Structures are given as C-alpha cells and as structure tokens.
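Computed from a predicted structure; not experimentally measured. FYI, side chains are in, hydrogens and waters are out, and symmetry mates aren't considered; it's all heavy atoms of this structure.
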Amino acid sequence: MSTMRESADVPAWPVYALTVHADGRVLASGPLIETSGHPTRAAAIEVVAGAAGRLGRSVRATASEPDGAVWPLIVSPDGEVSEVKTGRPRAAAPKKRQEKRAEKRRERREEKDRGRRAAKGAAKEGSAAASRPGAPEGGEAYAESLAQVTGHLDAGRADEAQALATQLDTQVAGVLGVSHPVALGVREVRARATAEAGDPVAGIQLYRDVAERWHYRGDADQAEAVAGRAEKLWTGITDVERALSAGVAVVRMRNQIPGEGGAALASVLAHRERLLRTPATEATPEATPVTAAPVTDAGTAKGTEAVAGRGAAAGAEVPEPPVAVSSTPRSSRPRPRTAPSWERPAVNARKAG
C-alpha cells in the first residue's frame with residue numbers, strides 16, 4: 001500500500017469496503033459483487049479487481065483495519081493497489097453507533113441542502129433566460145412547434161419530425177441554454193425523432209446527453225427515466241456492430257447514472273458482454289445459378305432443341321449447357337471483434353449553457 005496515486009481520474013462511484021478482522025480475515029462488499037469473507041487481503045483485492053475489470057477502469061475501495069485506521073485505495077483491473085494521495089492524515093473509523101447515526105443524519109441534511117440549492121439555481125436560471133431580449137416565458141412558446149413534431153411522428157413522417165426537432169432544439173438551446181429544463185424536453189423529443197428516422201445510434205447519444213444533464217441538475221428521477229429510454233432503444237438494436245457502437249454512450253451514461261444499487265449498470269455491462277460473445281460473420285454474395293432447360297423424354301433440352309437441329313445440319317458440335325459455379329466460400333469463419341474503447345466519464349455539464 002506504499003504506492004501513492006492521485007484520484008481525480010477515478011469516478012467517485014462505486015466504492016468497495018474491505019473490512020479487516022483481527023484474525024486476518026477480510027470482508028469484501030460493494031456494488032456488482034456479493035458480500036463475502038476471504039482468508040487473505042490478496043483474495044479480497046482479487047474480487048474487487050474483478051469488478052473493476054467488468055467496468056473497464058480502476059475503482060475506489062476503503063480498507064478498515066482492526067485498530068480503526070481507514071485506508072482510501074484505488075484498485076485497478078489487473079489487481080494493482082494504490083493508496084489515494086489525500087494530503088491529510090488517515091481517518092480513524094468511527095466505532096460508536098451514535099457517531100455513525102450522527103454522520104448519516106449530517107449526510108441527509110447536506111443532501112437536502114444540495115437539492116434546495118439546485119432548485120433555486122434552476123429557478124434563477126429560468127428567470128435570467130426569460131429576462132433576455134426576445135426570450136419566451138417557459139415552454140409555452142414552443143408548445144405549438146413540439147405538437148407539430150409529435151404530429152409528424154404519429155403520421156409516420158419521421159424525416160420531417162427530425163428536421164423540425166433539430167431546428168427547434170438549436171433555437172431553444174440558444175435562447176434558454178442547453179441545460180434548461182425546456183431545452184432538455186425538446187432534445188428528448190429530438191432523440192425520439194432521430195431514432196425513428198433510422199439513426200438509433202444518434203438517438204441514443206442524444207438521450208445520453210439529456211439524461212446526464214438532468215443528473216447534473218440534481219433531478220435523479222428525470223435522469224433515470226431518460227436513461228431508461230436510451231437503454232431500451234439500445235437493447236432493441238439487432239445489428240451487433242451497430243449495437244456495440246451505440247454501447248459506448250450507454251455504458252458512459254450508466255457509469256454516471258448506475259440505477260438503484262448499480263443494477264442498471266450491471267445490466268448494460270451484461271448486455272455488452274453478450275454482444276461481444278455473439279459471432280459476427282462476413283456477408284458473402286450468393287451465386288446466381290444457371291439452370292439448364294428441362295430435358296424431354298427424347299433426351300434433348302427444350303431450350304436447345306433448335307440449336308441442336310441447326311448444329312446437326314451444319315455438322316457442328318453442339319456445346320454443352322454452362323455449369324453453375326457458386327462463389328460462396330466453403331467455410332465462413334467468424335470475424336474477430338474487440339470491444340470498442342469506452343469514452344471517459346462525462347464532465348459536469350452544469351456550466352454549459
């Protein structure tokens with residue numbers, strides 16, 4: 001544990017707990033793993049490294065010693081362990097139940113305060129946007145345009161709906177800001193129109209942008225709802241290569257919005273693993289068979305009877321019908337596929353707009 005490392009590049013979630021007992025046993029717990037005891041520290045670290053491998057990045061862990069010392073750690077997918085460089089003395093683990101309860105109450109108060117500050121910030125942002133010259137009040141000014149987009153979608157005119165939604169998204173984002181609630185609602189409609197116009201990958205990317213911006217605004221319910229739409233659209237893509245391409249945005253999104261207990265993140269990681277195991281074969285052109293004319297009882301082909309007669313009269317040899325040759329290879333080998341490189345976690349988008 002002597003290796004020191006900066007932790008800015010490792011997301012705050014998930015964090016795994018490694019509790020060391022006096023007899024040397026270690027209890028490992030956290031998202032994506034089952035709570036289990038291990039005879040040695042190395043065995044517990046191996047379990048956490050396995051979870052890091054599923055995420056494709058290093059994860060955080062907290063090791064609590066029997067004497068109360070707490071070690072903040074970073075565990076890489078290959079099992080390398082580094083101590084987080086905090087610049088502060090290591091904290092002692094609280095031993096009294098009252099201290100734990102007080103800490104939980106303090107965290108709940110801080111969470112409520114953050115929610116109130118986010119709500120006030122949203123109201124202030126909306127007031128500032130409305131005070132701009134020519135800025136409409138709320139979403140009423142765009143309701144008619146949104147109704148037109150929905151009408152196009154209901155009538156099956158996806159291309160017209162996508163063009164209008166794209167124009168409306170640009171306009172609203174320019175007036176109210178890209179992270180304004182009205183702008184996010186318009187962009188979500190644009191995501192649906194884009195997907196129905198035949199580009200589900202771009203639709204998923206738009207859904208991902210909306211979900212992450214709701215997440216940074218502090219609205220967990222809206223963020224989860226939009227993330228669920230993106231995930232549903234992704235799991236409906238049947239083309240393996242296309243699904244893997246779209247999976248980059250979905251995995252990035254679920255790293256930020258993992259769902260309750262990390263269940264949603266675990267689900268998309270499992271779906272990605274299934275896609276990676278699905279064999280992809282190269283398409284081969286089918287041969288166009290050349291069919292000979294049907295043969296009569298007299299032993300001559302209907303289609304070549306006249307030619308045969310002329311050939312016999314001229315004393316020439318009658319050519320045989322051409323033989324069909326298939327261009328399909330004898331074996332179709334699976335094309336090797338590697339997992340795409342996943343994007344880095346999204347930056348805080350609250351400053352945008």
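- Of all heavy-atom pairs between Pro14 and Arg57, the closest is CD-NH2, 3.5 Å.
- Between Glu241 and Asp239, some side-chain heavy-atom pair lies under the 4.5 Å cut-off.
- Residues Leu269 and Val240 share a single hydrophobic cluster, defined by chaining ILVMFWY side chains whose heavy atoms lie under 4.5 Å apart.
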**Request:** Please report the C-alpha distance between Val81 and Ile74 in whole Å, then the side-chain angles of each, then the deciding distance to 0.1 Å, and finally whether the side chain to side chain contact (heavy atoms under 4.5 Å, CB included) criterion is met.
**Result:** CA-CA 6 Å; Val81 181; Ile74 293 177; over 6 Å; no
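- In plain terms, the two heavy atoms of Gly177 and Ala183 that are nearest each other are O-CB, 3.3 Å.
- A donor-acceptor contact shorter than 3.5 Å links the side chain of His180 to the backbone of Val182.
- Looking only at side-chain heavy atoms (C-beta outward), Val75 and Tyr16 stay at 4.5 Å or farther from each other.
- To the nearest 0.5 Å, atoms CG (Asn255) and CD (Glu212) are separated by 9.5 Å.
- The neighbour count for Glu46 CD, taken as heavy atoms of other residues, nucleotides or ligands under 6.0 Å away, does not exceed 12.
- The distance from atom CZ of Arg277 to atom CZ of Arg272, rounded to the nearest 0.5 Å, is 11.0 Å.
- Using a 4.5 Å heavy-atom cutoff, the side chains of His38 and Arg25 are not in contact.
- Annotation: salt bridge (charged side-chain N to carboxylate O under 4.0 Å, His left out) contacts involving residues 26-35, sequence neighbours excluded, are absent.
- Interatomic distance, CD of Gln162 versus OG1 of Thr194, reported as 4.0 Å (0.5 Å rounding).
- The shortest heavy-atom contact between Ala211 and Val226 is N-CG1, 3.8 Å.
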**Message:** Between Leu184 and Arg217, is the side chain to side chain contact (heavy atoms under 4.5 Å, CB included) condition met? List the steps.
**Reply:** CA-CA 11 Å; Leu184 295 180; Arg217 291 185 65 90; 4.0 Å; yes
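- In this structure, Trp214 and Pro181 have side chains that are in contact, with non-hydrogen atoms separated by less than 4.5 Å.
- Arg192 has its side chain within reach of Tyr207: a pair of non-hydrogen atoms, C-beta onward, lies under 4.5 Å apart.
- The two atoms that bring Ala246 and Ile204 nearest to each other are CB-CD1, 3.7 Å, heavy atoms only.
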**Request:** Assess whether side chain to side chain contact (heavy atoms under 4.5 Å, CB included) is satisfied between Arg60 and Leu73, documenting all intermediate values.
**Result:** CA-CA 6 Å; Arg60 295 175 181 267; Leu73 307 174; over 6 Å; no
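- Between Thr35 and Ser29, the shortest heavy-atom contact is OG1-CB, 3.5 Å.
- Interatomic distance, CG of Leu168 versus CD of Glu144, reported as 11.0 Å (0.5 Å rounding).
- Inter-residue side-chain proximity for Glu80 and Ser58 is flagged as unmet; no heavy-atom pair is nearer than 4.5 Å.
- The stretch residues 220-229 participates, sequence neighbours left out, in these salt bridge (charged side-chain N to carboxylate O under 4.0 Å, His left out) pairs: Glu188-Arg229, Glu224-Arg254.
- A distance-only check finds no donor-acceptor pair linking the side chain of Arg190 to the backbone of Asp169 [under 3.5 Å].
- At a threshold of 4.5 Å between side-chain heavy atoms, the hydrophobic network of Ile, Leu, Val, Met, Phe, Trp and Tyr places Val20 and Leu27 in two separate groups.
- Of the charged side-chain nitrogens involved, none lies within less than 4.0 Å of a carboxylate oxygen, so that Arg54 and Glu273 do not count as a salt-bridged pair.
- Hydrophobic clustering (ILVMFWY, side-chain heavy atoms < 4.5 Å, transitive): Ile33 and Leu55 are in one cluster.
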**Request:** Please report the C-alpha distance between Thr62 and Val15 in whole Å, then the side-chain angles of each, then the deciding distance to 0.1 Å, and finally whether the side chain to side chain contact (heavy atoms under 4.5 Å, CB included) criterion is met.
**Result:** CA-CA 7 Å; Thr62 300; Val15 178; 3.7 Å; yes
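- Contact check for Gln171 versus Ser145: no side-chain heavy atoms found under the 4.5 Å cut-off.
- Contact detail for Ala195 and Leu233: the closest heavy-atom pair is CB-CD2, 3.7 Å.
- Residue Leu176 is grouped with residue Leu164 when hydrophobic side chains (ILVMFWY) are merged at heavy-atom distances under 4.5 angstrom, including chains of intermediate members.
- To the nearest 0.5 angstrom, Thr150 atom OG1 is 10.0 Å from Gln148 atom CD.
- The backbone N or O of Ala243 sits less than 3.5 Å from a side-chain atom of Trp234, completing a donor-acceptor pair.
- If you chain together hydrophobic residues whose side chains sit under 4.5 Å apart, Met253 and Leu275 fall into the same group.
- From Arg187, atom CZ reaches atom OG of Ser179 across 7.0 Å, with rounding to the nearest 0.5 Å.
- Annotation: side chain of Ile45 is in contact with side chain of Leu18 (closest heavy-atom distance under 4.5 Å).
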